[in-house]
Protein chains: 2
Amino acid sequence: MGGALRNDAREARRSAILRAAVEVFAERGYEDARMREVAERAGVADGTTYLYFQGKEALLVAILEENAKAFLKRARRDAGRQKDPGAKLRKVIERHLVSLESDRALAHVFQIELRHSRRFLRQVARGQVAEYLRLLQRIIAEGTASGLFRDDIPADVAARAVFGAVDELITSWVLADRPRSLAGQAAPLLRLIFGGLERRAGGSR
Amino acid sequence: MGGALRNDAREARRSAILRAAVEVFAERGYEDARMREVAERAGVADGTTYLYFQGKEALLVAILEENAKAFLKRARRDAGRQKDPGAKLRKVIERHLVSLESDRALAHVFQIELRHSRRFLRQVARGQVAEYLRLLQRIIAEGTASGLFRDDIPADVAARAVFGAVDELITSWVLADRPRSLAGQAAPLLRLIFGGLERRAGGSR
DNA sequence: CCGTGGTGATTGAACGCCCATTCAGTCTCA
DNA sequence: TGAGACTGAATGGGCGTTCAATCACCACGG
């Protein structure tokens, strides 16, 4: 039999290659990244990467899918644990910021490298974004239905605006030479978002 | 003397190449765009493009710089014509949406193709974005100083959040198969942004 | 306990594709 | 008629990818 040990070793090697790819892509950018360097940094021969991934672009897809899926899972779990739509939204946004702040190289790949223009890749990347947008939209619609949020902003527009605001803060953070803590910007960002979404208190009754 | 006619002809040819580049980049994506196709569509020989631009990437830079500068100029003029910071912000955002909606191919290049590499993004594209962000930040700070906007959201965070929100709506519009009018989404977007920025009426005194 | 054969994983030098760019020749016009 | 603009076939090189050769490991028989 192949044996669990063998599978573990294989898995470890796969992870090493993937991690090396994240770092090299982040440092040099996808186009200037050399497969040779990914292999070298993972401690394997050039050809070995092709035993684990179909090619350079497949690495990018794997980085996206594995991390995006894990993030979405955590975000949904976070949201599920709250019953107030406001708390749900807050948790998801905080999770978004914290997740990417914890791994700058990965954040770089997500914010910059995954947006290069190969058609099918964009479809893959946008597929994950679309799923995240749907989560936001559902939470916001729930907030509107419960009377917490104002009803003159369609949930899909709101979801995209919120995503865009968060996304841009992260992109600046990734590109900054001396980045200020992302989590530290969460409070004013949330004030802005909630101020925009919530019904005006004065208008009640 | 070279003659004005000659310069006009030269300028027309330059524009034709630039326009062809916008279209080919938008259709195929920067990487899959072929210089041959740009030349063909501009009605010139392959080599001619190199008499007008240094190379493929220089086309991208030229597209960015010429259009971004024109946009910034119009945005500043719009803002200068208003005296209320709220009206300024509104005008600039509307200008942003309308400008890109009027040229979908150009919008595609701006939203997708110009973000393809770290080097390019940091050095060239982000320079223009930074200038736009500074404009937004100045307007917002003015609004805060005048008591129109709340003072617990730093202007730089607000500027980036606003830019991100607008930017994401445009990107979805560019990527959508059947896009809904961008200008039509301006009203709810502005409600969201102003709701987030303005002081709560209830807190006055 | 060794030796041995076989299987699958790994290696890395060499390949070849692809296309941006060049430049020697041709054309145009004053 | 010549200076500059234009042409487009030819070129070159960079790098992702391949694959014949080698290695590591294990099962098994003696």
Side-chain angles (χ1 to χ4, degrees), chain A residues 1-25 27-63 109 113 116-121, chain B residues 1-25 27-63 109 113 116-120 124:
Chain A
M1 244 28 68
L5 200 140
R6 198 147 203 91
N7 280 336
D8 283 0
R10 190 178 166 78
E11 194 46 51
R13 194 154 261 197
R14 191 189 133 91
S15 294
I17 293 169
L18 218 45
R19 184 63 210 172
V22 168
E23 284 167 15
V24 177
F25 289 172
E27 278 173 36
R28 308 237 182 278
Y30 178 78
E31 290 201 35
D32 293 342
R34 301 287 148 248
M35 286 300 275
R36 169 159 306 141
E37 197 175 350
V38 172
E40 192 176 28
R41 212 176 288 204
V44 299
D46 296 8
T48 303
T49 53
Y50 292 86
L51 299 174
Y52 288 84
F53 300 94
Q54 298 232 4
K56 195 180 182 183
E57 193 152 51
L59 279 172
L60 211 49
V61 174
I63 291 168
V109 175
E113 307 307 329
H116 87 123
S117 73
R118 289 305 272 265
R119 176 145 301 226
F120 98 94
L121 177 63
Chain B
M1 243 33 64
L5 200 142
R6 197 145 205 89
N7 280 336
D8 283 359
R10 188 176 167 79
E11 194 45 50
R13 193 154 263 197
R14 191 189 131 91
S15 294
I17 293 169
L18 218 44
R19 184 62 209 172
V22 168
E23 283 167 14
V24 177
F25 289 171
E27 279 172 36
R28 307 238 181 278
Y30 179 77
E31 289 201 36
D32 293 343
R34 301 286 148 248
M35 288 299 275
R36 167 158 306 142
E37 196 175 350
V38 172
E40 192 176 28
R41 211 175 289 204
V44 299
D46 296 8
T48 303
T49 53
Y50 291 86
L51 299 173
Y52 288 84
F53 299 94
Q54 298 231 5
K56 195 179 182 184
E57 191 158 63
L59 279 172
L60 210 49
V61 174
I63 291 168
V109 176
E113 307 308 328
H116 77 125
S117 86
R118 174 187 214 207
R119 200 169 33 79
F120 184 81
V124 192

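Convention: sequence-line order gives letters A, B, ...; per-chain numbering from 1. Computed from a predicted structure; not experimentally measured.
Considering only side-chain N and O atoms, Arg36(B) lies nowhere under 4.0 angstrom from the phosphate OP1 or OP2 of dC19(C). Note on Arg10(A): every side-chain N or O is 4.0 Å or more away from OP1 and OP2 of dA9(C). When the side-chain nitrogen and oxygen atoms of Thr48(B) are compared with OP1 and OP2 of dC6(D), none of them lie within a distance under 4.0 Å.
Residue Tyr50(B) has its side chain nearest to dA20(C) when only dT11(C), dA20(C), dT7(D) are considered. Of the candidate nucleotides dG16(D), dT11(C), dT7(D), dT7(D) has the atom nearest to the side chain of Ala45(B). Comparing dT17(D), dC19(C), dT10(C) by their nearest atom to the side chain of Lys56(A) picks out dT17(D). Each of dA20(C), dC6(D), dT10(C) was ranked by its minimum atom distance to the side chain of Leu51(A); first place goes to dT10(C).
Distance, Gln54(B) CD to dT21(C) P: 10 Å, rounded to whole Å. Atom CD of Glu57(B) and atom P of dC19(C) are 17 Å apart (whole Å). Atom C1' of nucleotide dC18(C) and atom CG of Asp32(B) are separated by 12 Å, given to the nearest angstrom. Atom CG of Asp46(B) is separated from atom C1' of dC23(C) by 13 Å (rounded to the nearest Å). Taking atom CZ on Phe53(A) and atom P on dA9(C), their separation rounds to 15 Å, with Å as the unit. Taking atom CD of residue Glu31(B) and atom P of nucleotide dA20(C), one finds them 11 Å apart after rounding to whole Å. Computed from coordinates, the Glu11(A) CD to dA9(C) C1' distance equals 16 Å when rounded to whole Å. Atom CE in Met35(A) sits roughly 17 Å away from atom P in dA13(C) (whole-Å rounding).
Here CG of Leu18(B) is found 9.5 Å from CD of Glu11(B). Values are rounded to the nearest 0.5 Å. The CG atom of Asp32(A) sits 11.5 Å away from the CZ atom of Phe25(A) when rounded to the nearest 0.5 Å. Considering CZ of Phe53(A) and OG1 of Thr48(A), their distance stands at 12.0 Å, rounded to 0.5 Å.
With a 4.5 Å cut-off on side-chain heavy atoms, Lys56(B) and Arg34(B) count as touching.
The residue among Gly47(A) and Tyr52(B) whose nearest nucleotide of DNA chain D is located toward the 5' end is Tyr52(B).
Backbone-only engagement by Ala33(B) is indicated by non-hydrogen atom pairs under 4.0 Å involving sugar-phosphate atoms exclusively.
Atom CD of Glu27(B) is surrounded by more than 12 heavy atoms from other residues, nucleotides or ligands within 6.0 Å.
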